[in-house]
Amino acid sequence: MNRAENPKSDPGNLFPGRILRWYASRKRDLPWRRTKDPYRVWISEIMLQQTTVGVVIPRYHEWLAAYPDLDSLAKAPLRKVLKSWEGLGYYQRARNLHRAAGLIVRDCGGRFPRDTEGLAGLPGFGSYTASAVASICFSRPVPVVEANVRRVMMRMLGIQGRGGPAVDARIRRFLEGAISRRSPGNFNQAMMEWGALVCRPKNPFCLRCPGRALCRAYARGEQEVIPAPKTLRAERLQAVVAVLRNGGRVLIQKRPEKGLLAGLWEFPGGKVEPGETLRTALARELKEELGLGLASVRPFATVRHAYTRYLVTLHAFEAKPAGGLNAVRPGNRPVRWVAVKSLDRYPFPSGSLQIVRLLQSE
DNA sequence: AATCCGGGGGA
DNA sequence: TCCCCAGGATT
């Protein structure tokens with residue numbers, strides 16, 4: 001084992017001493033760092049999954065205003081919880097928050113489990129979140145491995161490639177020997193802050209890095225190519241949706257409870273197949289979903305938004321069905337006529353939300 | 001180990 | 001336009 005892989009022989013006392021001191025002087029003042037309340041820390045950890053700090057900060061405050069404690073979250077209806085999550089993506093996170101809150105209230109007397117194993121049994125608590133809450137709130141000496149820590153340690157240890165479960169396990173073993181016993185929560189946050197502020201994905205600040213002297217990637221000039229970039233390209237696709245009006249109301253339908261954007265609401269429509277025009281695609285979707293023939297269409301708006309690996313151009317049309325509105329024959333999915341003003345009560349994916357906003361600004 | 005699951009912001 | 005983000009669950 002080379003020197004950098006053995007935290008016991010760490011000549012400059014980089015782990016944990018220098019990292020903790022670096023953190024104490026350079027850390028950002030983030031709202032969730034002002035508390036050890038497991039409820040608040042938990043909310044922040046879930047929101048921060050695959051979501052940037054700048055996006056989370058306002059949403060964190062709004063969430064705590066709506067659900068100040070575990071009990072208020074557990075008692076809230078799921079639709080309201082999903083509405084509160086609107087725009088954050090990965091909506092399973094909101095469902096798991098709601099479920100876990102109910103479980104903690106019901107099975108744990110409203111107290112969070114205080115160790116990693118107990119926490120890991122709750123929905124939405126994976127290895128990262130369980131260790132984060134256990135270390136930050138309950139001072140358990142368990143390291144976390146997420147995107148920042150993975151990048152920092154792959155560079156420090158000179159591990160090439162994209163990383164994966166095996167690399168994470170190796171990093172975790174290293175950090176189990178390096179973590180501060182006295183302030184494991186601060187140590188974990190220090191590692192993440194190191195990755196966020198200094199050991200950034202692109203243009204890392206190597207010259208001001210506390211670990212430069214021990215960094216194998218820096219020694220080899222490989223800091224820009226570790227970790228290796230993912231090579232997944234976004235696929236473009238076109239979609240059409242119909243705004244069906246009935247007086248002041250419009251028709252929306254609920255997506256299935258599983259899969260993409262589960263349980264959210266949207267306007268009827270769907271993907272444009274190869275060879276179709278927008279109009280023929282809309283006619284086909286309205287026939288499939290609502291049993292409607294299409295009498296006339298008028299362009300309403302075009303918006304773009306990103307799905308997981310799709311970049312969608314969403315064409316909305318104001319549509320009049322053949323046979324009038326009484327001809328609507330819904331399929332399996334719940335359908336509602338909702339006053340434009342009341343669309344605020346329903347959770348929509350971001351693309352559909354843009355259409356909602358345009359309707360409400362008319 | 002590979003995929004699915006969103007959306008926003010920065011470069 | 002492309003890349004990445006305080007991951008979890010499923011297969």
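So you know, we letter chains A, B, ... as the sequences are listed, proteins then strands, and number each from 1. What's counted below: heavy atoms across the whole structure, side chains too, no hydrogens, waters or symmetry copies.
- With hydrogens and angles left out, the side-chain atoms of A:Arg151 and A:Asn148 include a donor and acceptor closer than 3.5 Å.
- With rounding to whole Å, A:Tyr128 atom OH is found 8 Å from C:dG8 atom P.
- A:Phe174 and A:Phe15 have their aromatic ring centers within a separation under 6.0 angstrom.
- For the pair A:Arg93 and A:Tyr90, the cation-pi criterion (under 6.0 Å, within 45° of the ring axis) is not fulfilled.
- In this structure, the CG atom of A:Leu311 is 12 Å from the P atom of B:dG8, given to the nearest Å.
- Atom CZ of A:Arg150 and atom P of C:dC4 are 13 Å apart (whole Å).
- Each of A:Gly164 and A:Phe348 was assigned the nucleotide of DNA chain B with the nearest heavy atom; the assignment lying further toward the 5' end belongs to A:Gly164.
- Nearest-nucleotide mapping onto DNA chain C: of A:Glu146 and A:Ala228, the residue sitting toward the 5' end is A:Ala228.
- Residue-level contact check: A:Ala262 touches neither bases nor backbone, having no heavy atom under 4.0 Å from any strand.
- Looking at A:Asn188, its side chain does come within 3.5 Å of a backbone N or O of A:Val144 through a donor-acceptor pair.
- Here the separation of C:dA6 from B:dG10, taken at their P atoms, is 13 Å to the nearest Å.
- Annotation: C:dC5 and B:dC5 have their C1' atoms spaced 14 Å apart (nearest Å).
- Rounded to a whole Å, the CZ atom of A:Arg255 is 15 Å from the P atom of B:dC4.
- At whole-Å resolution of the value, CG in A:Leu260 and P in B:dG7 are 8 Å apart.
- Between C:dC5 and A:Arg151, a contact under 4.0 Å exists linking OP1 or OP2 to a side-chain N or O.
- Atom CZ of A:Arg26 is surrounded by 12 or fewer heavy atoms from other residues, nucleotides or ligands within 6.0 Å.
- Within residues 196-206 of chain A, the residues having any heavy atom closer than 4.0 Å to DNA chain C are, in order of number, A:Pro201, A:Lys202.
- Partner of A:Trp32 under the ring pair (Phe, Tyr, Trp, His ring centres under 6.0 Å) criterion, chosen from A:Trp42, A:Tyr60, A:Trp63, A:Tyr39: A:Tyr60.
- Counting non-hydrogen atoms of other residues, nucleotides and ligands closer than 6.0 Å to CZ of A:Arg28 gives a total above 12.
- Within residues 77-102 of chain A, the residues approaching DNA chain B are A:Gly87, A:Leu88, A:Gly89, A:Tyr90, A:Tyr91, A:Arg93, by heavy-atom distance under 4.0 Å.
- A:Gln253 pairs in a side-chain contact (heavy atoms from CB on, under 4.5 Å) with only one of the listed residues (A:Pro268, A:Pro334, A:Pro330), which is A:Pro268.
- Within a 6.0 Å radius of CZ in A:Arg182, other residues, nucleotides and ligands contribute 12 heavy atoms or fewer.
- Here the P atom of nucleotide B:dG7 and the CD atom of A:Glu266 are 11 Å apart, to the nearest Å.
- The gap from the C1' atom of B:dG8 to that of C:dA9 amounts to 23 Å, rounded to the nearest Å.
- Rounded to an integer number of Å, the gap from A:Leu264 CG to B:dG6 P is 8 Å.
- The line from OG of A:Ser180 to CE of A:Met191 is 12.5 Å long, rounded to the nearest 0.5 Å.
- Figure legend: A:Arg155 and A:Tyr218 shown without cation-pi pairing, the cationic atom not lying both under 6.0 angstrom from the six-membered ring centre and within 45 degrees of its axis.
- For the segment residues 180-191 of chain A, the set of residues with a heavy atom within less than 4.0 Å of an atom of DNA chain C comprises A:Gln189, in numerical order.
- A salt bridge does not link A:Asp29 to A:Arg33: none of the charged nitrogens lies less than 4.0 Å from a carboxylate oxygen.
- Computed from coordinates, the A:Lys258 NZ to C:dT11 P distance equals 9 Å when rounded to whole Å.
- If you check residues 26-60 of chain A against DNA chain B, the residues with a heavy atom closer than 4.0 Å are A:Gln50, A:Thr51, A:Val55, listed by number.
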Would A:Leu292 and A:Val328 count as a side chain to side chain contact (heavy atoms under 4.5 Å, CB included) if you check the C-alpha gap in whole Å, the side-chain angles of each, and the deciding distance to 0.1 Å?
CA-CA 6 Å; A:Leu292 287 180; A:Val328 172; 4.0 Å; yes

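- Judged by Watson-Crick or G-U wobble contacts below 3.5 Å, the nucleotide B:dG6 has no partner.
- Using a 4.0 Å cut-off on heavy atoms, none of the residues of residues 129-138 of chain A approach DNA chain B.
- Atom name P, nucleotides C:dG8 and B:dG9: the rounded distance is 23 Å, in whole Å.
- Between the side chain of A:Ser135 and the backbone N or O of A:Ser131 there is at least one donor-acceptor pair closer than 3.5 Å.
- Contacts between residues 112-120 of chain A and DNA chain B, defined by a heavy-atom separation below 4.0 Å, involve no residue at all.
- Checking C:dG7, B:dG8, B:dG6 against the side-chain heavy atoms of A:Ser350 singles out B:dG8 as nearest.
- If you check the side chains of A:Gln238 and A:His315, you find a donor sitting under 3.5 Å from an acceptor.
- Side-chain polar atoms of A:Gln49 and A:Tyr128 form no donor-acceptor pair below 3.5 angstrom.
- Counted by atom type alone, A:Glu318 and A:Ser296 present zero donor-acceptor pairs between their side chains at under 3.5 Å.
- For A:Arg333, the CZ atom sits in a packed shell: over 12 heavy atoms of surrounding residues, nucleotides or ligands are nearer than 6.0 Å.
- Although no hydrogens or angles enter the test, the distance criterion places a donor-acceptor pair under 3.5 Å between the side chain of A:Arg329 and the main chain of A:Asn326.
- Using a 4.5 Å cut-off between side-chain heavy atoms of Ile, Leu, Val, Met, Phe, Trp and Tyr, with links allowed through other members, A:Val297 and A:Leu358 fall into different hydrophobic clusters.
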